Amino acid sequence: MTDLLDLFSLPFMQRALLAALFTGMAVPAVGTYLVQRRMALMGDGLGHVAVTGVAIGLVTGLAPTWTAVVAAVLGAVAIEVIRERGHANGDLALALLFYGGLAGGIFVAGVGGESTAKLQQYLFGSILSISPGDVAFTMGLSVVLAALCVGLGPQLFAVAQDHEFAKVVGLDVRFYNLLVAVLAAVSVTAAMRTVGLLLVSALMVVPVATAQQLTRSFRTTLLLSMGLGLVASVGGLVVAALASYGADVAPGASIVLLSLVLFVVTWPVGALLRRRQRLRLPFADEPADDVHLPVPEHTHQHGEGCGHRAVAHGDHVDYLHDGHRHAPHDSHYDEH
Amino acid sequence: MLRRPSSPADGVPVALRNASVVIDGRPVVRGADLTVEAGEFVALMGANGSGKSTLVRAMTGLRPLAGGSATLFDTPLPRFHDWHRIGFVPQRAGASSGVPASVWEVVGSGRLSRRRLFRPLSAHDRRIIHDAMEVVGLEGMAQAGISTLSGGQQQRALIARALAGEPDLFLLDEPTAGVDLPNQEALARALATLSERGATIVLVAHELGPMAPLIDRAVVMRHGRVVYDGAPLADHEVHSSHLGEAHTHHHHGDPRIDHVPVVASPLDPPEEDAR
């Protein structure tokens, strides 16, 4: 334990901790809106596009962080335009961007004479070598991302839930769609140093998948996924730090693996909750007909806590046992 | 609380003059004239593909006009910004979402026409949303996931969502399609309440069912034209071939919507979108 505290007293470890804390909180917030739009893989596509941006930055001597932001934003706008025009087949457009982005990055780096080792820092993250300037950049972006995602939540939710209704309510649907695309691009580059471009999408999507095992509303999903993302990134960093005594563990990998572990732990709980919810679902309240089926002999007295499941059915409850639906009627039970 | 009776000074809710809509190069609505007065309950009827849904979507600005003009409350549509006065109920329960959403959140999104950015819901907003759910009989289901509701209940939630904006004019696009009778009756009760409160209602429907007694006026469309505008009609009269046409010709086979080209190229929109 004291080893761990010693480790976190090192400046580079503190910087890494701050970066993990802020990106872990902000990135899943953007991810929630991508998952809502069924574009869970968009973060991955943008990550690939950002590789080209990083390579251009390395070759030209510009700051790779900024060239990556520009490339990812351009990619995001391209994806959004394609999506707007051709909805269902957007996945094909995504695939084109994936491979174009990654191949472009490797090609540009090669042409410029950059070693792929330098590129690798960005592909797999390098949170331990993050500079004070990068930490400030990451924290600033993360705060803006989280504030926009939570503050504009109702608008962004409505636009993705039903874009035609949102338009008639007076929202500028195209603006909000582009905003989500740009937020996704920015969060990819913000998390580039933490988990790396190839794994950034996991931090966007996995906490959301975990959160929705337990939630029924959009807002709780959003907030819970932010919390889970934070736990996973800080926890993953600690795991990597502990392991560093024995082995060289990349924090990006341990962060993503930890968020997957959280999902695997939560999934059975979610399955149980969904099953219970389905069993409690009221029976359809069809209009009363003349069919009246009294149950002949029934020694068992149904009631609260009688051991049989009670399910709402219109203005009364049916008790379920052995494939029957028994509803109390005067002094006997009817089969409903 | 939800009562916002519109007075004549507010203007005519809907006025279409010689309105035409073209989808993918095919005329779908041709030269339609339609005026809806404040407080009226108008049923817009016709067969599938007759252009009735397109006409109501043109009123909301979702379909641009290729010709003619449209005004909402005496303001030309391109300059209309009082969207809180319009309550739109689209045909389908919005595309399935990848993240759960509660009934409360869906109904609450109808309040956005009256909310400012970055402000939380006020107590007043909450009360209006609650009232809207009560009108459609969904009180007590606020925290349920929208996807766990039956089709009829989802349609009622969409009406509550429109209601949450406290609009003067309701535009409903086939709310009864694929909804069972008890739910249609619940819908009719909700619309009766709205109508009594002085709302103007335009209802697109293939068949009226339990809504029939509420209607003040029927408008029938056929092949993109308004062929009848007058007293309410019974469901079977709408589809009688001589209605509003001097001469009749018979088309055989399914009346398919002919403005939709079949596309299969990766970047083209899928067919259902070309409504």
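Residue numbers start from 1 in every chain, and the chains themselves are labelled A, B, ... in the order their sequence lines are given, proteins ahead of strands. Please read these numbers as outputs of a predicted model, since none were measured by experiment. All values below come from the heavy atoms of this structure, side chains included, with hydrogens, waters and symmetry mates left out.
Residues Thr32(A) and Ser225(A) bring a donor and an acceptor atom of their side chains to less than 3.5 Å of each other. Side chain to side chain, Thr71(B) and Asp74(B) fail the donor-acceptor criterion of an N or O pair below 3.5 Å. Defined by atom type and a distance below 3.5 Å, a donor-acceptor pair is missing between the side-chain atoms of His316(A) and His329(A).
Contact check on Glu166(B) versus Arg111(B) returns a salt bridge, with a Lys/Arg side-chain nitrogen under 4.0 Å from an Asp/Glu carboxylate oxygen. Taking 4.0 Å as the cut-off between side-chain N and carboxylate O, Arg174(A) and Glu80(A) do not count as a salt-bridged pair.
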* To do: List the steps, then state whether side chain to side chain contact (heavy atoms under 4.5 Å, CB included) holds for Leu203(B) with Met211(B).
  => CA-CA 10 Å; Leu203(B) 169 74; Met211(B) 312 274 181; 4.2 Å; yes

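Scanning residues 146-159 of chain A against chain B with a 4.5 Å non-hydrogen threshold yields Ala147(A), Leu148(A), Gly151(A), Leu152(A), Pro154(A), Gln155(A), Phe157(A), Ala158(A), sorted by number.
Using a 4.5 Å cut-off between heavy atoms, Leu34(A) makes no contact with chain B at all. For Thr221(A), the part lying near chain B is the side chain, with the backbone staying farther off; criterion is any non-hydrogen pair under 4.5 Å.
Side-chain atoms of Pro13(B) and Phe73(B), non-hydrogen and from C-beta on, do get closer than 4.5 Å to each other.
Chosen from Ile86(B), Asp82(B), Val99(B), the residue pairing most often with chain A at heavy-atom distances under 4.5 Å is Val99(B).
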